[in-house]
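Presented below is the structure to which this report refers.
Because only heavy atoms are used, hydrogens play no part in the values below, and waters and symmetry mates are left out as well, while side chains stay in. Reminder, nothing fancy here: chain letters follow the sequence lines and each chain counts from 1.
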Amino acid sequence: MAREPLGGLKRTCYCGEVNAAHTGAAITLMGWVQRRRDHGGLIFIDLRDREGIVQLVFSPDAPTVHDKAHELRSEYVIAVRGTVRKRPPGTENPSLKTGLVEVAVSELRLLNDSAPLPFVLEDDTDVAEMTRLKYRYLDLRRPALQKKLLLRHKVAMAARNYLAENGFLEIETPVLTKSTPEGARDFLVPSRLTPGSFYALPQSPQLFKQILMIGGFDRYFQIVRCFRDEDLRADRQPEFTQIDAEMSFVEREDVMVIMEGLIRRIFKEGLGLDLATPFPRLTYKEAVGRFGVDNPDVRFGLELKDLTETVRSSGFKVFADTAAKGGVVKAICAKGCAEFSRKELDDLTAIAVSFGAKGLAWVKLTPEGWHSPIAKFLSDGVKAAIAGALDAATGDLLLFAADRPAIANTVLGRLRLNVGNRLGIVPKEGFNFVWVTEFPMLDYDETEKRCVAVHHPFTAPMDEDIGKLDAEPLSVRAKAYDLVLNGSEIGGGSIRIHRSDVQSRIFSKLGIGEEEARSRFGFLLDALSYGTPPHGGIAFGLDRIMAIMTGSDSIRDTIAFPKTQKAADMMSEAPSTVDQKQLDEISIRVVKKAAKTEEERKG
RNA sequence: GGGGCCGUAGUUAAGUCGGUUAUAACGCUGGCCUGUCAAGCCAGAGGGCGCGGGUUCGAGUCCCGUCGGCCCCGCCA
């Protein structure tokens, strides 16, 4: 069938907007053929655009148009003119927004046809993600994905509007920046004009937004792409988007309060929800102590209890030795899980081991008493004390971790999430926010044998802890805060160091020598010396926020063109090799091992 | 760098202890059909099992390698 030009037709409304109020009206629609139901006589076409679906009816009474409609196939692009009418009684379709009406078509123009589809475009699709990503333009037509990207747009607009209304200026920062030694691996871009030199794509605009504060803009924001060349996960892409903000003359509380307002606005405009603020707060110490992790899911109990003192003098060597060596013994009480099978316990043990535990001690509280490999090592008094501390009753399962605090907490924190999911006590609905504050400023990196910044090297220490920087640096807390939503970190920030002497001191604590600090961050140190205001800010992970708001398992579903776990784009087939001429221009020589050709890589 | 799961028509899957011509559903093509909306009925086309090698009389099934996808550990200030 011949394809036709638009020929001056103008769309009068979207398909999904047609409703009973249009009854009798002549309308013009444009969209894709979702499905054809051809009765030989009547032909029904579901016409789809981004706003929804409306049913078109072609009657044999209009033979020319009817014959054309017979040729329509899935995803053909058409324009129609017709009259809106109420459906005959009993034929309404309540599952369609437009289901009370239909369009009797008087004119049909075939704007374009479509090759047969590699997969059916339906929301409850079961197609491999690889295939969906290869044909992303088709996948994007699915209403489910369209809704997610529409919501993303609403959220971005809400953020822009809120921040602009509160005096934040949207200012762009460079994408070609300077590589810095701390943090994630940089994506590098070779410089043609300075052979042998490289730009780095920004891991975040951190330094530039601080410079903007020094530049006197007072309040800045940007919805900005960031790049980190690290291994991917369901919630990590090599390029991702932050809602990034920074403000001058503020303290922690000021940033947190105004950002609670931002989150409120996003959920109000995005989902119509009124969130209660202020959000609850936990210190890092509390979060890790009670939930084992610094991104606690506080929607359910199963909290960690410290039993170190209870078991310090017990006869169980593993517990007593751990306590004696400065480790901790902690446990969670899984209510009603004494029935767990051998396999379930093996699963839990495997999880514990994967997070660094040497094993997993467990106790089933049966009507006959303690059923456990470790029961014989514990006196009745210690057993009673443990049960008391854990508020344990018959039918419960106790899980123990005895190790260095970092490992014991992580292991039980992960087990807590796993058991919580097994028990079905993690709510599927709702949005639970919590701030985590007072992070440690420094951590000791065993591999590099030096202190590293927990947040980043520009985070200010808490005033009352500055004195401890030299004597006990690991106990210094930072003016940092993370926002956690349903157990996922969705944002984090801090008050920054605004004095060059303090910044130099921190660099030296991090093992960054004066010379290196000058070569890497000289511009920042210089800038700090010219009247830097106290300032701080935050960055939210827009992709993660969207994943949670839309109930997506992966942030890939909230990004129009995401990459696979190997950071490849299945549609464009990036990354790819380039011409030798391009390499010559930027003075790059590819070594053999990495020089597999396309043919080799495709096998 | 490591662990786990997975690659069979366009799609989603089945395929037993290795054994004639590799199944099904959906989709697709053609025909019939005037109230369907996962339309219905009838007929048909379509793959040699991701790729390479090996074992075997014989491999989708077993072995080795490799490519790709997903989840996770490490990593991600």
Exercise for the section: Scan side-chain atoms only and decide if A/N486 and A/S488 contain a donor-acceptor pair under the 3.5 Å cut-off. Expected result: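 No, A/S488 and A/N486 have no side-chain donor paired with an acceptor closer than 3.5 Å.
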Can you find a donor-acceptor N/O pair under 3.5 angstrom joining the side chain of [X] to the base of [N]?
X	N	answer
A/R87	B/U36	yes
A/R185	B/G74	no
A/R73	B/G27	no
A/R236	B/C76	yes

Look at the side chain of [X] and decide which nucleotide, out of [options], has an atom nearest to it.
X	options	answer
A/V120	B/G27, B/C70, B/C37	B/G27
A/P88	B/G35, B/C72, B/C33	B/G35
A/A184	B/G69, B/C76, B/C33	B/C76
A/S74	B/C28, B/U12, B/C73	B/C28
A/D231	B/C75, B/C28, B/U11	B/C75

Mind checking the [atom1] distance from [N] to [M]? Whole angstroms is fine.
N	M	atom1	value
B/C70	B/U12	P	14 Å
B/C17	B/U11	C1'	31 Å
B/G31	B/A38	P	25 Å
B/G47	B/C57	P	31 Å
B/G60	B/G15	C1'	8 Å
B/C41	B/G50	P	33 Å
B/G3	B/U8	C1'	27 Å

So what does [X] touch, heavy atoms closer than 4.0 Å: a base, only the sugar-phosphate, or nothing?
X	value
A/S204	base
A/Q237	nothing
A/F458	nothing
A/V452	nothing
A/V57	nothing
A/E102	base
A/N93	base
A/D229	nothing
A/R85	base
A/D61	base

N or O in side chain of [X] less than 4.0 angstrom from [N] OP1/OP2:
X	N	value
A/R37	B/U36	no
A/R132	B/U11	no
A/S354	B/C72	no
A/R36	B/C37	no
A/K566	B/G69	no
A/Q565	B/C71	yes

Exercise for the section: Identify, between A/R233 and A/A128, the residue whose nearest nucleotide on RNA chain B lies closer to the 5' end. Expected result: A/A128
Completion exercise
On RNA chain B, more 5' by nearest nucleotide between A/P118 and A/G40 is A/P118
Could you measure the distance from the [atom1] atom of [X] to the [atom2] atom of [Y]? Nearest 0.5 Å is fine.
X	Y	atom1	atom2	result
A/D553	A/E129	CG	CD	10.0 Å
A/F291	A/L417	CZ	CG	10.5 Å
A/L483	A/M256	CG	CE	8.5 Å

Handout entry: Heavy atoms of other groups near A/K285 NZ, more than 12 under 6.0 Å
Key = no
[N]: pairing nucleotide in any strand, Watson-Crick or G-U under 3.5 angstrom:
N	result
B/C75	none
B/G60	none
B/C41	B/G31
B/U20	none

Exercise for the section: Rounded off to whole Å, could you give me the CG-to-P distance for the A/L72 and B/C28 pair? Expected result: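 To the nearest whole Å, that distance equals 13 Å.
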Exercise for the section: Nearest whole angstrom, please: distance from the P of B/G35 to the CG of A/L42. Expected result: 6 Å
Exercise for the section: Over all heavy atoms of both residues, which pair between A/I211 and A/A527 is shortest? Give the atoms and the distance, please. Expected result: CD1-CB, 3.9 Å
Exercise for the section: Would you check if A/H39 stacks with the base of B/G35, given a 5.5 Å centroid limit and a 30° plane limit, both strict? Expected result: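 Per 5.5 Å and 30° rule: no stacking.
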Exercise for the section: Indicate whether A/F119 forms a stack on B/U11; treat it as stacked only if centroid distance is below 5.5 angstrom and interplanar angle below 30 degrees. Expected result: no
Exercise for the section: Keeping to residues at least two apart or across chains, list the ring pair (Phe, Tyr, Trp, His ring centres under 6.0 Å) pairs with something in residues 31-66 of chain A. Expected result: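 Non-adjacent pairs meeting ring pair (Phe, Tyr, Trp, His ring centres under 6.0 Å): A/H39-A/F44.
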Practice task
Indicate the ring-plane relationship of A/F439 and A/Y284, choosing parallel, tilted or perpendicular according to the 30° and 60° boundaries.
Solution key: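 A/F439 vs A/Y284 ring planes: tilted.
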Exercise for the section: Taking side-chain hydrogen bond (donor to acceptor under 3.5 Å, both in side chains) as the test, write out the residues that go with A/T173, two or more places apart. Expected result: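 Partners of A/T173 under the side-chain hydrogen bond (donor to acceptor under 3.5 Å, both in side chains) test: A/Q222.
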Exercise for the section: Identify whether the glycosidic angle of B/G48 places it syn (within 90° of 0) or anti. Expected result: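 Syn conformation for B/G48.
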